[in-house]
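Some notes on the structure that comes next.
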Number of protein chains: 2
Amino acid sequence: MFKTVKQNKAYQDVVEQIQEAIMEGALKPGSQLPAERELKEQFGISRGTLREALRVLEQKGLIEIRTGVAGGSIIREINSENLSENLGMLIRNRSVSLHDLAEFREGMEGDVAALAAQRAAKGDLAQLVELLGEAGGHLKQGRKGWDAFIRTDEQIHLELARMSGNQLFIAVLTSVYRNIHTYYENYLPWSKELLQENFDDLRNIVAAVSEHDAEAARQMALEHVRRFNGYMEKKQV
Amino acid sequence: MFKTVKQNKAYQDVVEQIQEAIMEGALKPGSQLPAERELKEQFGISRGTLREALRVLEQKGLIEIRTGVAGGSIIREINSENLSENLGMLIRNRSVSLHDLAEFREGMEGDVAALAAQRAAKGDLAQLVELLGEAGGHLKQGRKGWDAFIRTDEQIHLELARMSGNQLFIAVLTSVYRNIHTYYENYLPWSKELLQENFDDLRNIVAAVSEHDAEAARQMALEHVRRFNGYMEKKQV
DNA sequence: TATTTGCGAATGGTTAGACCATTAGTAAAA
DNA sequence: TTTTACTAATGGTCTAACCATTCGCAAATA
């Protein structure tokens, strides 16, 4: 009938108060909290307890702590870094398998490509074409350009996400890319043919996006990811 | 030419060491760290600094700290709670809009339904049918059953995610659902007709899944989410 | 005058030692 | 056998001091 009374620790109380102030906009990004020795007075706690609270807020990505005079706790812009870190832990922990990750990407990349095709502006397309050119350049350098090629490949995918205009797709896909490298390095059977095929895929996707053909872009992206994943899973066995 | 030397704080060093031990499996979920007063000796730091490190690990969801004799820091199973919290902050902060969230759901739910249809086992289907029955029951209770209906609706969606067998879909969709309520409450034009329509959708999705018709399930789920979002966005304006 | 050097002060980082609060187990009392 | 009370171990908090880093200003220097 009754719920257990939640016995808040002092530091938790501080965390909640500051977090709430940030969420409600009372504390704006860029602004600064008072110095620890003053804050502890305002909260009526010891410095150690206050610091535990600040550490939690820092880990949450809500504040950044700088040393030195004029240092202190600065309110940060809310971002998706933590999302990446958490996703990374899930992946490293093998709660999320390569297969899971691959399957997830298939759906996401298709959606993203379709949205990008619908919404592409001229500037976006120019950026895509430039990245495509870069990727082609890396490919011509032979083996020593492979790493750079893969990085540019990723940039193209992220640019598509950016073009989708959806912050959630951007955040989640960014997280996926930050964490997929483990698998590239271990499971991808690197070869000139594979990268060339990859490059052709990218060209096709960009072409479909340029023509605002959402369904073609979706299909291209999906097949691209699916084939790529197929190679990795084959090597894994 | 050179990179700035990273001057690790003492507590960061402790965090990294313990986190690494957990990730590598040297510390297993359920096992316990030594007491603070002993740990501080092992690391050669003061108790305050150690506690800052433990607070960070706690916030990361890696350990749980219990008081009392036989208490201490217990290694936790890695889960997606933090993912939810981060997503929640992004949403509350309006970095992620209702529209973003809706668009994201459309793609995800379609994929999930398709996967569930492919992989549904008999036990899964029985569970789905039972949940469907529950939902129908709530609906018959009239207005006072609406809340319960929405909760069951969610359970059905999450059950589909579970059936997909993909941990990533499960984690991300769970996070989405934990945070979408804000919008339901504010933007959904509650009515008997809407909930009935919703219920019919669910029945269709479950039917498609039962027949292992992946594409039908995908289409049903997509349209279901899209219509639902349409209602919310209409009211929002 | 312009530049470099060095110092002072404010801020976070760390330490030490003490005491309070919570809890599991055990011994004593009923 | 059950209840009660105590004990000890553990995390939670406090105080007070000192160390480390950084910015700005003043003095020394070119």
Would the distance check show the side chain of B:Asp124 and the main-chain N or O of B:Ala120 forming a donor-acceptor pair, the cut-off being under 3.5 Å? no
Is it true that [X] and [Y] make a salt bridge, defined as a side-chain N closer than 4.0 Å to a carboxylate O?
X	Y	answer
A:Arg162	A:Glu159	yes
B:Glu20	A:Arg92	yes
B:Glu103	A:Arg119	yes
A:Glu52	A:Arg55	no

Would you indicate whether B:Arg66, at its atom CZ, is surrounded by more than 12 heavy atoms from other residues, nucleotides or ligands within a distance under 6.0 Å? no
Do B:Asn93 and B:Ser95 have a side chain donor and acceptor closer than 3.5 Å? yes
Measure the shortest side-chain to side-chain distance between B:Met108 and A:Val172 over non-hydrogen atoms and say whether it is less than 4.5 angstrom. no
Rounding to 10°, can you tell me the angle the first-five-pair axis of the helix from C:dT1-D:dA30 to C:dA30-D:dT1 makes with its last-five-pair axis? 0°
Rounded to whole Å, please give me the gap between CG in B:Leu54 and P in D:dT13. 13 Å
Would you mind building the protein contact string for nucleotides 9-19 of chain C? One character per nucleotide, 5' to 3', B for base within reach (heavy atoms under 4.0 Å), S for sugar-phosphate only, - for untouched. -BBBBBB--BB
